Every structure is written in C-alpha cells, then in structure tokens.
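As structure tokens, the structure follows; a few thoughts come after it.
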Amino acid sequence: MLVLTRKPNESIQIGEDIEIKVIAVEGDQVKLGINAPSHVDIHRREVYLSIQEENNEAAGDDNLSILEALSQQLKK
C-alpha cells in the first residue's frame, strides 16, 4: 500500500484521468473530492462490498439451477 501525506487543497493523481483532492480535515474526518471520468464507478468501501454481496447472491445456485432447467427445456 502506498501511503502519502497531503494537506488541504493538495491532490493525488491516479493515471491520467483520476484526481483525488483533500478538501478539508475536520477532527478525525477527511473530506475528499474525486474527479474521474463518468464511466468510473466510485463508492464508499462498505457500499461497494454490499453491492458485491448482492451480486453474488443474485448469481447464486438458485439462478444456476433455473438456467440449467431452461437449457434442458430448450434442448427438447
């Protein structure tokens, strides 16, 4: 993991397209501004993990058995 120190109004550049700027530091909170192309999804970590969990549940064994049953019906 790369660890960098930044002050308010300083930035970190990721590649050519993504800039992360420290907007403010207030107590134990840091406010960040993220400038990235619209095709880049940006989520808080806990939201990202929740989305991944829901996607995994949606693609679970139940859906696989449904697809297998549908495949068998199409073969007939």
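Source: prediction; values computed, not measured.
Remark: Glu46 pairs with Arg44 by the salt bridge (Lys or Arg N to Asp or Glu O under 4.0 Å) rule, at least two apart or across chains. When the side chain to side chain contact (heavy atoms under 4.5 Å, CB included) test is applied to Ser11, the partners found at least two apart in sequence or on another chain are Glu19, Lys21.
For the pair Lys7/Val22, no side-chain contact is recorded, criterion being any heavy-atom separation below 4.5 Å from C-beta on.
Connectivity analysis of hydrophobic side chains (ILVMFWY, heavy atoms under 4.5 Å, direct or indirect) links Tyr48 to Leu49.
Of all the heavy atoms in His43 and Ile51, the pair that sits closest is CE1-CD1, 3.8 Å.
In the hydrophobic clustering of this structure, Ile42 does not group with Val47; members are Ile, Leu, Val, Met, Phe, Trp, Tyr whose side-chain heavy atoms approach within less than 4.5 Å, directly or through other members. Under the 4.5 Å side-chain heavy-atom criterion for Ile, Leu, Val, Met, Phe, Trp and Tyr, Leu2 and Ile12 are members of the same hydrophobic cluster.
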Please tabulate, for side-chain N and O atoms in residues 25-40, each donor-acceptor pair with protein atoms closer than 3.5 Å (sequence neighbours left out).
none

